[in-house]
Each structure stands twice: as structure tokens, then as C-alpha cells.
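Reading through the C-alpha cells given below for one structure.
Chain identifiers are assigned alphabetically (A, B, ...) following the order of the sequence lines, protein sequences preceding nucleic acid strands; residue numbering begins at 1 within each chain. It should be emphasised that the depicted structure is a prediction, and the values quoted were computed from it without experimental measurement.
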Amino acid sequence: MINRVGYACINEHLKPKTFRSCRLKTIKEKGIDYLKQIILHNVEFTNEILKWNLDHTILMYRVTSDLMPLVTHRDVLAMSDWRWYEDEEIAGKLKAIQILVQENRMRLSMHPDQFTVLNSNKPKVVAASIEYLEYHAKLMHAMGGHDLILHVGGVYGEKEEAKRRFVEQFHLLSAEIKMLLRLENDDKSYSISDVLEISEATGIPVVFDYHHYRCLTDGKITEDLIGKIERTWQHGMPKMHVSSGKTYEKDKSHHAYISWEDCRRVWEIYQRHDVDVMIEAKMKDRAALRFLEDLDEMNGKVNQ
DNA sequence: CTCGGTCAAGGATAC
DNA sequence: GTATCCTTGACCGAG
């Protein structure tokens with residue numbers, strides 16, 4: 001059955017309050033303490049969002065990668081000896097999140113941006129990606145997070161070679177990152193079978209993105225496929241991503257909400273399997289709430 | 001004070 | 001090689 005439901009980063013109900021960000025230039029002008037204030041605001045706001053989630057039975061959430069803007073940038077690192085992970089004030093606020101998460105069995109994830117390319121053929125890109133992953137892993141550790149979700153990366157006109165490079169470069173990662181990493185199928189290059197193949201070679205659990213799968217295939221989900229994905233999760237609950245096409249079913253752009261039909265499909269498939277569902281929709285928390293309502297209605301119909 | 005072009009980072013594609 | 005799209009939301013400077 002479907003267990004936890006979640007959404008990514010933005011909370012529509014709490015607007016106009018937002019996360020803060022900044023430009024490199026501004027940090028250079030205003031100094032490292034300006035950046036620290038932004039970070040404190042963002043960590044506090046994350047805590048506020050998690051409490052809101054809890055009040056609305058939303059037990060899963062993706063933390064924004066921009067929680068600490070530019071902290072891995074070399075110019076910022078060169079500016080001072082200050083490091084966010086050595087700052088007690090920040091540590092205290094991250095700890096509060098960890099406690100909230102653990103007390104309520106919430107599931108936190110992060111999803112490094114598209115320029116995190118572990119299988120790149122450029123050593124500089126790989127090195128930068130690993131640094132960015134280290135930042136994510138530290139943050140996840142501090143907050144009690146569970147999942148660091150990644151795409152395979154580029155193809156470079158030679159997919160098999162690119163896949164081999166992913167496996168090879170996976171072994172350069174620290175044990176902390178390896179433990180947190182999950183692989184997601186994408187909507188144009190790496191299909192679910194590509195990802196399952198890499199999972200077999202690396203032991204990385206697979207996050208099944210239903211919409212990406214549908215964009216690349218006929219969209220039919222078999223018991224065999226679900227079983228294969230499920231078996232990549234040696235420990236813990238499998239996790240999947242759900243979204244609906246904006247203007248037509250295979251539209252890669254996301255709709256504001258999850259359609260009733262898609263909710264129904266996912267509900268049906270997971271009658272006999274356990275999964276946590278991450279909603280990827282423009283209306284974020286509103287879409288997650290509607291999805292939960294739709295699920296309730298479907299479950300109600302079953303119980304009648 | 002408001003608005004909209006711009007912003008660290010990669011890759012794919014077209015020219 | 002260079003431009004543009006993908007795609008996202010807050011920044012921040014021009015007016």
C-alpha cells in the first residue's frame with residue numbers, strides 16, 4: 001500500500017514566505033555573515049514547513065538543494081575559514097529538524113541539481129559533483145534524512161560506456177554518500193532498465209519515476225517490473241515519484257496536480273506492494289493534499 | 001517600489 | 001565554437 005506521501009521544497013500554503021537566496025557578488029559585497037543569516041532563515045523555514053506538513057499528515061519532504069546557497073563554491077570557501085557544518089547555531093537548528101523527523105517517522109530527501117554528473121567524461125565535472133554530493137550528504141546526516149536522489153547523467157553518444165563510467169566513478173564516493181544514494185530513471189536518456197542494470201552493479205536502490213517511465217514507454221507496469229525495483233531496496237521502504245503531464249499524458253512538463261486517473265493507477269498497482277510516494281506537481285503541498293484525499297476516497301470504496 | 005532579465009554549476013542539439 | 005533550450009524561483013538593479 002501507499003504509505004508516506006510527500007512533495008518537493010516549496011510550500012504554497014505558507015506563501016508569501018519563501019526561501020532566501022543570493023548572488024555570488026552579494027556575498028562578496030556583504031560578507032560571510034550575510035550568507036549565514038540566509039542559511040539560518042532557510043533552515044528555520046524548513047523546520048516550519050515540516051511542522052506544517054505534520055499537521056497535514058504529510059510525512060515525506062524533499063529539502064531544497066539551495067538551502068545553503070553557494071557554500072560549495074570555491075570563491076565562497078576562499079573568503080573565510082567559516083564552514084556551515086562547524087557553526088553551532090546552524091547545527092542546533094539542523095538538530096531540531098532531526099529530532100522532529102525522528103520523532104514523527106518523517107522521510108527527508110534531497111535531489112542534487114542537473115549539473116551533478118557523476119558519469120561525466122570531464123574530471124573537473126566529476127570532482128565538482130562529488131563535492132556537491134558531500135554537501136548534500138552532510139546535510140542529510142545532520143537532518144536525519146534518508147535519500148539522496150540522482151540521475152545517471154550524460155550519454156555522450158555512447159550510453160554503454162557512460163553507464164560503465166557511472167559504476168566506476170560510484171566507487172570514488174565516500175561510504176556516507178553511497179549509503180544515501182538512490183538512482184532515478186529519467187525521461188529521455190536512462191530508462192528504468194538502464195537504471196536497474198546500474199543498480200545491480202552498484203547496489204543503489206532505484207527510485208521509480210512513473211511519469212518518466214511513461215514518457216519513454218507504453219507506460220504499462222508489470223508485476224515483474226515492480227518486483228525488480230522492490231528488490232533493489234534491501235533496507236527500508238521503496239520510494240517512487242508521481243506526476244501527471246501538463247497538457248497531455250506524455251507531456252514532460254508537470255501538471256499542477258496529480259490527475260484522478262494517475263492516482264487511481266498508482267493506488268491500484270500498489271495494492272500489493274509497499275511504497276512511499278513523492279508528488280511532483282506545480283501546486284506542491286496542495287497537490288499532495290489532494291492526492292491524499294483521492295487515496296482516502298479510493299480506500300473508502302474498497303472498505304465499503 | 002515594481003518588474004523582468006539574470007543567476008555557479010552540464011548536456012543535447014542545431015548551426 | 002557558439003547560441004539556445006531544458007527549467008526554477010528568488011535576486012537585484014534599472015527605471
Side-chain angles (χ1 to χ4, degrees), chain A residues 7-32 34-35 37-46 49 62-79 84 110-136 148-159 161-163 165-166 169 184-191 194 209 211-212 215-216 241 243-247 250-256 278-287:
Chain A
Y7 63 95
C9 310
I10 308 236
N11 183 296
E12 292 289 330
H13 282 90
L14 295 175
K15 280 185 176 177
K17 189 161 180 179
T18 60
F19 287 103
R20 291 181 59 198
S21 184
C22 59
R23 302 282 184 270
L24 187 54
K25 192 181 161 198
T26 314
I27 300 176
K28 286 178 177 174
E29 277 168 15
K30 300 193 176 178
I32 208 78
Y34 178 81
L35 175 61
Q37 297 314 314
I38 289 176
I39 292 171
L40 285 171
H41 166 87
N42 288 349
V43 176
E44 271 171 44
F45 188 40
T46 299
I49 288 175
R62 179 190 301 163
V63 175
T64 173
S65 289
D66 290 329
L67 196 76
M68 302 186 178
L70 300 164
V71 289
T72 62
H73 192 283
R74 49 174 301 158
D75 289 6
V76 173
L77 292 171
M79 269 178 72
W84 67 267
M110 292 185 85
H111 196 342
D113 312 68
Q114 83 285 353
F115 40 75
T116 313
V117 190
L118 190 57
N119 78 340
S120 176
N121 49 12
K122 301 180 192 72
K124 274 180 80 175
V125 174
V126 177
S129 297
I130 293 176
E131 272 176 45
Y132 200 46
L133 285 171
E134 289 286 357
Y135 152 74
H136 280 81
L148 200 44
I149 296 161
L150 202 63
H151 290 290
V152 181
V155 172
Y156 313 93
E158 189 55 75
K159 200 198 242 182
E161 180 59 29
K163 277 153 83 171
R165 209 163 44 235
F166 183 95
Q169 282 158 190
E184 178 189 350
N185 58 305
D186 68 61
D187 58 8
K188 53 182 200 294
S189 306
Y190 290 96
S191 68
D194 290 324
D209 189 305
H211 189 60
H212 291 166
C215 288
L216 286 182
H241 290 175
S243 48
S244 295
K246 187 176 185 178
T247 49
K250 290 192 176 202
D251 190 347
K252 286 174 181 164
S253 297
H254 292 167
H255 192 82
M278 179 61 82
I279 300 298
E280 293 185 320
K282 298 269 181 249
M283 289 307 282
K284 307 288 182 179
D285 49 310
R286 294 188 191 280

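- At the phosphate of C/dG9, neither OP1 nor OP2 sits under 4.0 Å from any side-chain N or O atom of A/S21.
- Taking atom CD1 on A/I130 and atom C1' on B/dG10, their separation rounds to 16 Å, with Å as the unit.
- Using cut-offs of 30° and 60° for the angle between ring planes, the A/H211 and A/H254 rings count as perpendicular.
- Note on A/E280 versus A/R62: salt bridge recorded, some NZ/NE/NH1/NH2 to OD/OE distance being below 4.0 Å.
- Rounding to the nearest 0.5 Å gives a distance of 6.5 Å between OG of A/S191 and CG of A/L216.
- Of the residues near DNA chain C, A/S253 and A/T18, the one whose nearest nucleotide (by heavy atom distance) lies more toward the 5' end is A/S253.
- Looking at heavy-atom distances under 4.0 Å, A/L70 makes contact with a base.
- Taking atom CD of residue A/E12 and atom C1' of nucleotide C/dG9, one finds them 11 Å apart after rounding to whole Å.
- Here the P atom of nucleotide C/dT8 and the CD1 atom of A/I10 are 10 Å apart, to the nearest Å.
- Base pairing of B/dC1 is made with C/dG15, judged by Watson-Crick or G-U wobble geometry with both donor-acceptor distances under 3.5 Å.
- Rounded to whole Å, the C1' atom of B/dT6 lies 15 Å from the corresponding atom of C/dT4.
- Put simply, the side chain of A/T72 and the base of B/dA9 share no donor and acceptor less than 3.5 Å apart.
- Counting non-hydrogen atoms under 4.0 angstrom, A/V155 reaches the backbone sugars and phosphates but no base.
- Note: CG (A/D113) to C1' (C/dT7) measures 11 Å, nearest angstrom.
- Put simply, CD on A/E158 is 12 Å from P on B/dA12, counting in whole angstrom units.
- Checking the phosphate oxygens (OP1, OP2) of B/dG10, no side-chain nitrogen or oxygen of A/K124 falls inside 4.0 Å.
- Relative orientation of the A/Y132 and A/Y135 rings is parallel, given thresholds of 30° and 60° on the angle between their planes.
- To the nearest whole angstrom, the two P atoms, one in C/dT7 and one in B/dC3, are 27 Å apart.
- The CG atom of A/D285 sits 8.5 Å away from the CD1 atom of A/I49 when rounded to the nearest 0.5 Å.
- Taking only side-chain nitrogens and oxygens, A/K25 never comes nearer than 4.0 Å to OP1 or OP2 of B/dA8.
- Here A/K122 lies in heavy-atom contact (under 4.0 Å) with sugar-phosphate atoms only.
- Between B/dA8 and C/dG13, the two P atoms lie 12 Å apart (nearest whole Å).
- The residue A/R20 sits close only to the backbone: its heavy atoms come under 4.0 Å of sugar-phosphate atoms, none of a base.
- With a cut-off of 3.5 Å on both pairing distances, B/dA8 has no Watson-Crick or G-U wobble partner at all.
- Residue contacts for A/Y156: at a heavy-atom cut-off of 4.0 Å it reaches the sugar-phosphate backbone alone, with no base atom in range.
- Remark: P of C/dC5 and CZ of A/F115 are 20 Å apart, rounded to the nearest angstrom.
- Surrounding NZ of A/K159 are more than 12 heavy atoms belonging to other residues, nucleotides or ligands, all under 6.0 Å away.
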